[in-house]
Colleague: 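Have a look at this one before I ask anything.
Chain identifiers are assigned alphabetically (A, B, ...) following the order of the sequence lines, protein sequences preceding nucleic acid strands; residue numbering begins at 1 within each chain. Keep in mind it's a predicted model, so treat the numbers as computed, not measured.
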Amino acid sequence: MALRVWNTLTDQKEELKPIVPGEVGIYVCGITVYDLLHLGHARFLVAFDTAVRYLRFSGVKVKYVRNWTDVDDKIIRRAGERGIAPTVLAAQFIDEARKDMLELNVVPADVEPKATEHIAEMVDIIQRLIDKGHAYAVNGDVYFAVRSFPPYGRLSRRNLDDLLSGARVDTNEQKRDPLDFALWKATKPGEPESVSWPAPWGRGRPGWHIECSAMCQKHLGVTFDLHGGGKDLVFPHHENEIAQSEAASGKPLANAWLHNGFVTLDSEKLSKSLGNFKTVRDLLQNWDGEALRTFLLSTHYRSPINFTYEAVAEADRRVDVLYEAQGKALAYLAQKKFAGQGKALESALTAFREAMDDDFNTARAMADLLALYSQINAKVDGKAAPQEVADLLESAKVTGAGLGLGWRPATEAVLRRRTLAAARKGIDPQWVAERIEARLLARKEKRYPDADAIRAECAAKGVELRDGPAGTDWRVPA
RNA sequence: GGCACCGUCGCCAAGUUGGUAAGGCAAGGGACUGCAAAUCCCUCAUUCCCCGGUUCGAAUCCGGGCGGUGCCUCCA
């Protein structure tokens with residue numbers, strides 16, 4: 001068994017060979033916190049959360065570092081609009097982001113460094129770059145001299161002349177070369193004190209790229225295993241990160257670079273300028289976080305995933321299937337007075353590993369997971385030996401946990417999902433209970449047309465009645 | 001203009017170090033049900049945008065075309 005990952009640097013799948021056997025250091029470029037999370041954030045969070053879960057599932061000791069970018073132009077502007085300090089604004093949105101992440105079952109990273117807490121490390125790298133002739137200071141700004149670093153462009157596979165011929169190149173006159181980028185931005189008049197730090201070249205704040213170079217080096221070392229982020233970070237962010245870090249250290253930054261694809265809406269990238277972005281918070285008004293996670297994992301992480309309500313509804317139904325089958329299996333085991341312990345099947349574990357070892361193929365792993373639940377249903381229907389059911393159930397739980405799905409206790413999950421769905425649709429559980437009582441009476445008296453009318457009445461409100469041996473239950477389908 | 005990626009059943013989506021098309025949804029049939037729901041069983045792409053080529057063999061490799069998207073500016 002060997003995990004193979006797609007490495008943007010080499011443009012191929014290659015076996016992950018940790019620097020320290022059995023241990024993996026991974027850095028993922030996090031969120032610039034000036035607003036609520038949008039679906040694109042959810043995608044990279046879930047993608048890398050799943051990658052980390054799988055590494056741990058494989059017995060690897062992982063150190064996961066995901067930063068918070070808490071100082072940048074947009075944060076400063078928005079904080080100014082609201083009359084609060086940029087750091088306060090950033091702290092607020094970090095809190096909000098954490099709430100959403102909890103719903104998406106995204107575990108906290110082992111280290112979640114903030115840019116503002118690593119200014120000294122950044123200054124240090126910048127100084128080294130100046131000393132080595134890779135950077136220069138002009139009027140308090142410091143720029144990285146792209147032409148001083150020959151490998152520049154390797155990650156994104158573009159050459160400097162192509163970049164220059166690109167339609168829009170910054171014509172900042174302070175730069176020696178239009179391609180050079182800022183390492184340090186001098187504080188401008190009117191900018192808040194709280195985002196201004198002293199440096200040998202004058203007060204200022206860091207450029208965007210340098211923070212990641214400083215944070216990953218501090219927490220993972222000069223060279224580490226995996227570096228990830230969204231595809232849109234390949235250029236210029238990661239290209240610049242590599243240039244800064246490697247020019248300063250003379251050593252490779254990360255051995256493999258992982259990039260997730262975009263979330264699209266009507267097949268177009270979500271973007272604020274198009275006005276088509278969706279916040280996670282908005283979506284959570286209408287969907288269970290687990291459904292969103294299921295939706296995001298239904299496509300391979302490197303491919304684009306198109307957001308539609310139908311797709312999320314389908315994902316939501318999949319979550320239903322999963323917990324319904326769990327509940328069904330547990331009820332069966334209880335009925336059979338099964339007191340044993342299920343043992344995950346080797347065949348299921350192998351299938352899961354094969355899928356995930358292939359560059360985290362969650363789409364395949366999810367298909368396998370659903371197949372397990374299908375088998376559970378078939379076994380229960382076929383009155384199979386309880387041990388068989390218990391083993392399948394354990395297999396599903398273990399592999400599901402590897403994906404971050406199906407982790408809640410079944411009865412709790414079903415009830416929770418129903419409660420959330422009812423609340424969203426303005427359905428009063430008390431009213432449903434009364435309807436069920438009325439229908440029960442009608443059925444007892446064989447007034448079937450009346451009973452059916454009540455069923456139809458409930459259906460019209462989005463409530464589905466389900467008759468079972470233990471009475472009538474209800475749910476709110478997606 | 002430069003550089004990439006993508007195009008598989010009505011919809012979603014695996015499969016691309018070549019070996020003879022997973023799965024889900026939808027649809028149809030059956031079992032179960034007073035009717036339903038859920039569940040189970042069965043059916044559902046000789047074919048992978050088009051045209052050439054390489055090969056014993058290609059969805060997978062090569063060339064050309066058509067269509068879509070992204071990056072080149074802040075962006076997950």
Side-chain angles (χ1 to χ4, degrees), chain A residues 4 8 11-13 28-32 34 37-48 69 72-74 153 156-159 161-170 179 208 228-237 239 259-264 267-273 277 295 298-306 308 310-311 313-315 317-318 320-321 324-325 327-328 351 355 358 361-371 373-382 442-443 446-449 451-453 455-456 458-459 464-468 472-475 477:
Chain A
R4 289 160 59 82
T8 305
D11 207 31
Q12 60 184 10
K13 267 186 215 169
V28 173
C29 288
I31 297 150
T32 301
Y34 66 98
L37 295 188
H38 64 246
L39 249 190
H41 294 125
R43 163 95 122 153
F44 97 83
L45 287 166
V46 168
F48 289 105
T69 295
D72 109 312
D73 291 346
K74 290 186 288 290
S156 54
R157 258 164 283 286
R158 51 191 85 194
N159 65 60
D161 298 326
D162 286 346
L163 283 171
L164 268 181
S165 69
R168 279 171 280 184
V169 172
D170 188 351
L179 264 25
W208 175 35
K231 265 194 164 77
D232 46 358
L233 297 184
V234 174
F235 190 90
H237 187 239
E239 194 71 71
H259 293 99
N260 64 275
F262 299 127
V263 178
T264 61
S267 297
E268 280 184 327
K269 181 183 171 185
L270 293 180
S271 87
K272 303 223 163 180
S273 56
F277 67 103
F295 163 68
S298 64
T299 299
H300 184 92
Y301 78 94
R302 276 189 291 113
S303 304
I305 184 167
N306 197 38
T308 62
E310 293 71 31
E314 188 177 327
R317 263 179 258 125
R318 284 185 171 196
D320 270 341
V321 167
E324 294 247 1
K328 193 165 160 178
D358 185 15
N361 193 333
T362 56
R364 215 172 107 194
M366 280 210 355
D368 291 342
L369 180 63
L370 271 292
Y373 280 110
S374 179
Q375 280 183 59
I376 288 173
N377 283 323
K379 290 288 181 192
V380 172
D381 279 10
R443 290 178 72 202
K446 306 268 189 212
R447 287 184 284 111
Y448 290 124
D452 291 348
R455 178 188 289 290
C458 289
E464 191 173 86
L465 299 184
R466 315 175 66 184
D467 298 326
T472 299
D473 199 4
W474 60 284
R475 62 173 206 138

Colleague: Which heavy atom of A/Ala47 sits nearest a heavy atom of A/Tyr301, and at what distance?
Modeller: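 In terms of heavy atoms, the two residues are closest at CB-CB, 4.0 Å.
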Colleague: Which whole number of Å gives the distance between the C1' atom of B/rA59 and that of B/rG18?
Modeller: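 Going atom to atom, C1' in each nucleotide, I get 10 Å.
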Colleague: Let me confirm one number: the OG1-NE2 distance from A/Thr32 to A/His41, rounded to the nearest 0.5 Å.
Modeller: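 Going from OG1 on A/Thr32 over to NE2 on A/His41, the span is 7.0 Å.
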Colleague: Please name the nucleotide paired to B/rG67 by Watson-Crick or G-U wobble geometry with both distances under 3.5 Å, or report none.
Modeller: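 Here B/rG67 is engaged in a pair, and the nucleotide opposite it is B/rC6.
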Colleague: Just checking A/His300: base, sugar-phosphate only, or nothing, at a heavy-atom cut-off of under 4.0 Å?
Modeller: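 Contact class for A/His300: sugar-phosphate only.
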Colleague: Who does B/rC40 pair with, Watson-Crick or G-U, both distances under 3.5 Å?
Modeller: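 B/rG30 - that is the nucleotide pairing with B/rC40, both distances being under 3.5 Å.
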Colleague: With both distances under 3.5 Å as the test, what is the Watson-Crick or G-U wobble partner of B/rC35?
Modeller: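 Across all strands, not a single nucleotide pairs with B/rC35.
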Colleague: B/rG1 pairs with which nucleotide, Watson-Crick or G-U wobble, both distances below 3.5 Å?
Modeller: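 B/rG1 is paired, partner B/rC72.
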Colleague: Give each protein N/O atom lying under 3.5 Å from an N/O atom of nucleotides 3-5 of chain B, with the pair distance.
Modeller:
residue: B/rC3; atom: O2'; partner: A/Arg157; partner atom: O; Å: 3.1

Colleague: Of the listed nucleotides (B/rC25, B/rC74, B/rA76), which one gets closest to any side-chain atom of A/Arg317?
Modeller: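 When the side chain of A/Arg317 is considered, B/rC25 is the closest of B/rC25, B/rC74, B/rA76.
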Colleague: Using purine N1 to pyrimidine N3 plus N6-O4 or O6-N4 for Watson-Crick, or N1-O2 and O6-N3 for G-U wobble, both under 3.5 Å, which nucleotide pairs with B/rG57?
Modeller: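 Paired with B/rG57, as far as the under-3.5 Å criterion goes, is no nucleotide at all.
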Colleague: Does A/Arg302 offer a backbone N or O that forms a donor-acceptor pair with the side chain of A/Lys231 under 3.5 Å?
Modeller: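 Checking the backbone N and O of A/Arg302 against the side chain of A/Lys231, a donor-acceptor pair under 3.5 Å is found.
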Colleague: For the P atoms, the ones on B/rU46 and on B/rG23, what distance do you get once it is rounded to whole angstrom?
Modeller: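 Comparing P positions in B/rU46 and B/rG23 gives a spacing of 16 Å.
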Colleague: Suppose we define a pair by two distances each less than 3.5 Å, Watson-Crick or G-U wobble; what does B/rC11 pair with here?
Modeller: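 Across any shown strand, B/rC11 pairs with B/rG24.
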Colleague: Under 4.0 angstrom, heavy atoms only, what part of the nucleic acid is A/Gly30 near: base, sugar-phosphate, or nothing?
Modeller: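 Sugar-phosphate contact only.
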Colleague: In whole Å, what separates the P atom of B/rA26 from that of B/rC11?
Modeller: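 To the nearest whole Å, 16 Å.
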Colleague: At under 4.0 Å between heavy atoms, what does A/Gly230 touch on the DNA or RNA strands: base, sugar-phosphate, or nothing?
Modeller: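 Counting heavy atoms under 4.0 Å across all strands, the contact made by A/Gly230 is with sugar-phosphate only.
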Colleague: Where each residue is assigned the nucleotide of RNA chain B containing its nearest heavy atom, which of A/Met366 and A/Asp232 is assigned the position nearer the 5′ end?
Modeller: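 The residue closer to the strand's 5' end, by nearest nucleotide, is A/Met366.
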Colleague: Nearest 0.5 Å, what's the NZ-CG distance between A/Lys379 and A/Asp381?
Modeller: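 Reported to 0.5 Å precision, the distance equals 11.5 Å.
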Colleague: For every nucleotide of nucleotides 32-43 of chain B, 5' to 3': is a protein heavy atom under 4.0 Å from its base (B), only from its sugar-phosphate (S), or from neither (-)?
Modeller: --BBBSSBS---
Colleague: Among the candidates B/rC71, B/rA76, B/rG23, find the nucleotide nearest to the side-chain atoms of A/Arg318.
Modeller: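 Closest nucleotide among those given: B/rG23.
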Colleague: Mind listing the closest non-hydrogen atom pair of A/Asp72 and A/Thr69 along with its distance?
Modeller: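 Closest approach of A/Asp72 to A/Thr69, heavy atoms only: CB-CG2, 4.5 Å.
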Colleague: Grab the two heavy atoms, one from A/His300 and one from A/Ala363, that are nearest each other, plus how far apart they are.
Modeller: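 Answer, listing the atom of A/His300 first, then A/Ala363: N-CB, 4.4 Å.
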Colleague: Check whether A/Asp358 reaches the backbone of A/Asn361 with its side chain - one donor and one acceptor, N or O, closer than 3.5 Å.
Modeller: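 No: the side chain of A/Asp358 does not pair with the backbone of A/Asn361.
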Colleague: So what does A/Leu370 touch, heavy atoms closer than 4.0 Å: a base, only the sugar-phosphate, or nothing?
Modeller: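 Here A/Leu370 touches no strand at all.
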Colleague: If I pick the P atom on B/rG28 and the same atom on B/rC48, what distance separates them, to the nearest angstrom?
Modeller: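 About 28 Å, rounded to a whole number of Å.
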Colleague: Can a donor-acceptor pair under 3.5 Å be found between the side-chain atoms of A/His38 and the base atoms of B/rA76?
Modeller: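 Answer yes: a donor N or O sits under 3.5 Å from an acceptor.
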Colleague: I want to verify a distance call: between B/rG15, B/rC25, B/rA22, whose nearest atom is closest to the A/Ala367 side chain?
Modeller: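 That would be B/rA22.
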Colleague: Could you pull out all residues at least two apart from A/Arg455 that satisfy side chain to side chain contact (heavy atoms under 4.5 Å, CB included)?
Modeller: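 Partners of A/Arg455 by the side chain to side chain contact (heavy atoms under 4.5 Å, CB included) criterion, ordered by chain and then number, come out as A/Arg439, A/Leu465, A/Asp467.
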Colleague: Going by heavy atoms in the side chains, are A/Thr299 and A/Asn306 under 4.5 Å from each other?
Modeller: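 No, side chains not in contact.
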Colleague: Could you pull out the closest heavy-atom pair between A/Cys29 and A/His237, with the gap in Å?
Modeller: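 For A/Cys29 and A/His237, the tightest heavy-atom pair comes out as SG-CE1, 3.4 Å.
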